[in-house]
2 protein chains.
Amino acid sequence: MELQKVDGRKARGEKKRRAIVEATLRVIERDGVAGVTHRSVAREAGVPTTAPTYYFATLDDLLIATLLWSAEELCDDMLKIVASGGCAREIARSLAKAVNENRSRTLAEYELYLLAGRRPELRPAARRWLDRAVEVARPADPVAFRAFLAAIDGLLMQGLIADVAPNEDELEPIVSFLIRGCDDLTAAPREQ
Amino acid sequence: MELQKVDGRKARGEKKRRAIVEATLRVIERDGVAGVTHRSVAREAGVPTTAPTYYFATLDDLLIATLLWSAEELCDDMLKIVASGGCAREIARSLAKAVNENRSRTLAEYELYLLAGRRPELRPAARRWLDRAVEVARPADPVAFRAFLAAIDGLLMQGLIADVAPNEDELEPIVSFLIRGCDDLTAAPREQ
DNA sequence: CAACTACCTGAACAAGTGTTCCACAAGTTT
DNA sequence: AAACTTGTGGAACACTTGTTCAGGTAGTTG
């Protein structure tokens, strides 16, 4: 009991810290990275103006913390897409969901990508889902798999700038084309 | 002579206007959309602080004008990639150039994409190269072609967040995989 | 030449920014 | 209990932002 006893103050603080990060992500989803200010985040999180400054030395630190955290969600989302049993229908469904129901989240995730392009420290986080995808899929044909991963990014981005986002029926044939040849994406290690 | 005589004042104004747009694009390439302010643009263009406001009612108008204009360059660049004679080597070379020599320009172009995601008025411009690509290529297999176009976006984006951007040798096999089946992308109807 | 017009800009303003500071509240330890 | 640590938040500061505006300047016209 005494062992895992933690300072109640720190516990509450840590909770608030996470609340601030989550509020920041909501702001990014709504208004983009440009809309992130100490005050807008504080308002969104329902904390005083100075709270974000207290928990994060600088606005940049808050942004980076938020994006690193959101990168894990990106990773999960993407892996869910990739590992949809290698079935084109499932993959197409996930992609369609990303550009429709989860549009703002997807948009936020690509803001992360872009920011990573300018800030090397964010790159490992932004790239993580790509590395993990290769790990879990163990593709028989690495080249085909890289093409597949690239196309996922492209389909999502292009889906975000379409007048009406594509649905799963439109996406399915394209996905089919991409995964033909890597019949079962997760198959490789068996015979080798 | 008298016919095409234009007010010298207006001519100078139009020139300055274009200089401001070009300066804005340079700022975007260097610091991203976030770095665009009346003052930063004015400094870059070597004009007084109020000049951008004079020529563009609002900062947003300036940003939109710049992005619409840059979208034409994006279109040209992308078409150059797509229409590299349908040869994988050429396409790979163009892609490698985009993420190396022209890295900052490519980054700026994806800022346009992302902004278009949030501002419907920018979407037609951002999408233009996709439509034009289909026009000029007249692909025999539209599905394969869409997959190819998506993969271009993905390869570029992923190239931008890599620790070391890929070179043409790494890209070539992936491109080859993508255009297999659409042997000659520009082949379909040869009836001129 | 002067009159006119259209373009241009320096100074200024209100609003919003990141951040600091300090008094104080809440929790923990001695 | 007192002494300490940690969390909290209102006021304030220096600074940057977008935008306005009145006066000035260059180009055109009579």
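Naming convention: chains lettered A, B, ... in sequence-line order (proteins, then strands); numbering from 1 in each chain. Source: prediction; values computed, not measured.
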*Asks:* According to side-chain contact (heavy atoms from CB on, under 4.5 Å), who are the partners of B/R103, at least two apart in sequence or on a separate chain?
*Replies:* A/R123, B/L107, B/L160

*Asks:* Output a table of donor-acceptor pairs, distance under 3.5 Å, between side-chain atoms of residues 25-33 of chain A and any protein atom two or more places apart or on a different chain; print 'none' if there are none.
*Replies:*
| from | atom 1 | to | atom 2 | distance (Å) |
| --- | --- | --- | --- | --- |
| A/R26 | NE | A/E44 | OE2 | 2.6 |
| A/R26 | NH2 | A/E44 | OE2 | 3.4 |
| A/R30 | NH2 | A/E44 | OE1 | 2.3 |

*Asks:* Below 4.0 angstrom, N of the basic side chain to O of the carboxylate: do B/E111 and A/R118 qualify?
*Replies:* yes

*Asks:* So which nucleotide from D/dT6, C/dC8, C/dC21 ends up closest to the side chain of A/K10?
*Replies:*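 That would be D/dT6.
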
*Asks:* Got a list of side-chain donor-acceptor pairs under 3.5 Å for residues 95-102 of chain B, not counting sequence neighbours?
*Replies:*
| from | atom 1 | to | atom 2 | distance (Å) |
| --- | --- | --- | --- | --- |
| B/N100 | ND2 | B/A96 | O | 2.7 |
| B/N100 | ND2 | B/P166 | O | 3.2 |

*Asks:* Could you pull out all residues at least two apart from B/D61 that satisfy salt bridge (Lys or Arg N to Asp or Glu O under 4.0 Å)?
*Replies:*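 Per chain and number, B/D61 pairs via salt bridge (Lys or Arg N to Asp or Glu O under 4.0 Å) with no residue.
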
*Asks:* For A/E22, give me all partners under salt bridge (Lys or Arg N to Asp or Glu O under 4.0 Å), at least two apart in sequence or on another chain.
*Replies:*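 A/E22: no salt bridge (Lys or Arg N to Asp or Glu O under 4.0 Å) contacts found.
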
*Asks:* Please confirm whether the shortest side-chain N or O distance from B/K16 to OP1 or OP2 of D/dA26 is below 4.0 Å.
*Replies:*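 Checking D/dA26 against B/K16, no side-chain N or O comes under 4.0 Å of OP1 or OP2.
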
*Asks:* Name all residues meeting the salt bridge (Lys or Arg N to Asp or Glu O under 4.0 Å) criterion together with A/E135; count only those two or more places apart in sequence or in a different chain, and write none if there are none.
*Replies:*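 Counting only residues at least two positions away or on another chain, A/E135 forms a salt bridge (Lys or Arg N to Asp or Glu O under 4.0 Å) with A/R132.
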
*Asks:* Give me the distances for all protein-to-nucleotides 23-27 of chain C N/O pairs that come in under 3.5 Å?
*Replies:*
| from | atom 1 | to | atom 2 | distance (Å) |
| --- | --- | --- | --- | --- |
| C/dG27 | N2 | A/R9 | NH1 | 3.1 |
| C/dG27 | N3 | A/R9 | NH1 | 3.1 |

*Asks:* Check every atom of D/dG7, D/dG9, C/dT9 against the side chain of A/P48 and return the nucleotide holding the closest atom.
*Replies:* D/dG9

*Asks:* For residues 63-75 of chain A, which residue pairs pass the side-chain hydrogen bond (donor to acceptor under 3.5 Å, both in side chains) check, not counting sequence neighbours?
*Replies:* A/E73-A/R105

*Asks:* What side-chain donor-acceptor pairs closer than 3.5 Å can you find for residues 150-158 of chain B, not counting sequence neighbours?
*Replies:*
| from | atom 1 | to | atom 2 | distance (Å) |
| --- | --- | --- | --- | --- |
| B/D153 | OD1 | B/Y110 | OH | 2.5 |
| B/D153 | OD2 | A/Q158 | NE2 | 2.8 |
| B/D153 | OD2 | B/Y113 | OH | 2.9 |
| B/Q158 | NE2 | A/L149 | O | 3.3 |
| B/Q158 | NE2 | A/D153 | OD2 | 2.8 |

*Asks:* Tell me the interatomic distance from B/Y54, atom OH, to D/dC21, atom C1', rounded to whole angstroms.
*Replies:*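 In whole Å, D/dC21 C1' and B/Y54 OH are 14 Å from each other.
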
*Asks:* Check every atom of C/dG10, D/dT19, D/dT6 against the side chain of B/T50 and return the nucleotide holding the closest atom.
*Replies:* C/dG10

*Asks:* Going by salt bridge (Lys or Arg N to Asp or Glu O under 4.0 Å), name the residues that satisfy it together with A/R18, two or more places apart in sequence or in a different chain.
*Replies:*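 Testing A/R18 for salt bridge (Lys or Arg N to Asp or Glu O under 4.0 Å), a comparison that skips the adjacent residues, returns none.
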
*Asks:* Near DNA chain C, counting only heavy atoms under 4.0 Å, which residues of residues 23-43 of chain B show up?
*Replies:*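 Here the set is B/R39.
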
*Asks:* Near DNA chain D, under 4.0 Å by heavy atom, which residues of residues 55-62 of chain B?
*Replies:* B/T58, B/L59

